[in-house]
Amino acid sequence: MRDRLTGWRQTWRRQRQRHHTRRRLRDLDARLLDDIGISAARAEREARKPFWRR
């Protein structure tokens, strides 16, 4: 039971981090996106993904 709870927590943390990262990506301007090598269109596609998708 404890292993299952630990696994669930890790999954929840990864999904939460993914959600947070995608929201932050949506807020970056064109200059910052260019600095990290991502187009605005790709950033938008990534930001629209549900948090449970990789």
Taking atom NE2 of His19 and atom CZ of Arg23, what is their separation to the nearest 0.5 Å? 4.5 Å
Please check this pair: side chain of Arg42 against backbone of Gly37, looking for a donor-acceptor N/O pair closer than 3.5 Å. no
If you take all heavy atoms of Leu33 and Ala40, which pair is closest and at what distance? CD1-CA, 3.8 Å
Separation between CD1 of Ile38 and CG of Leu25, rounded to the nearest 0.5 Å: 5.5 Å
Apart from Trp52 itself, what residues make up its hydrophobic cluster, given side-chain heavy atom links below 4.5 Å? Phe51
Hey, what do you get for CZ (Arg18) to CD (Glu46), rounding to the nearest 0.5 Å? 9.0 Å
Can you list the residues that meet the salt bridge (Lys or Arg N to Asp or Glu O under 4.0 Å) rule with Arg48, with sequence neighbours excluded? Glu44
Of the non-hydrogen atoms in Arg22 and Arg54, which two are nearest, and what is the gap between them? NH2-C, 3.5 Å
Exactly one of Arg14, Arg9, Arg16 clears side-chain contact (heavy atoms from CB on, under 4.5 Å) with Trp12, and that residue is Arg16
Say you draw a straight line from CG of Asp34 to CG of Leu28; how long is it, rounded to the nearest 0.5 Å? 12.0 Å
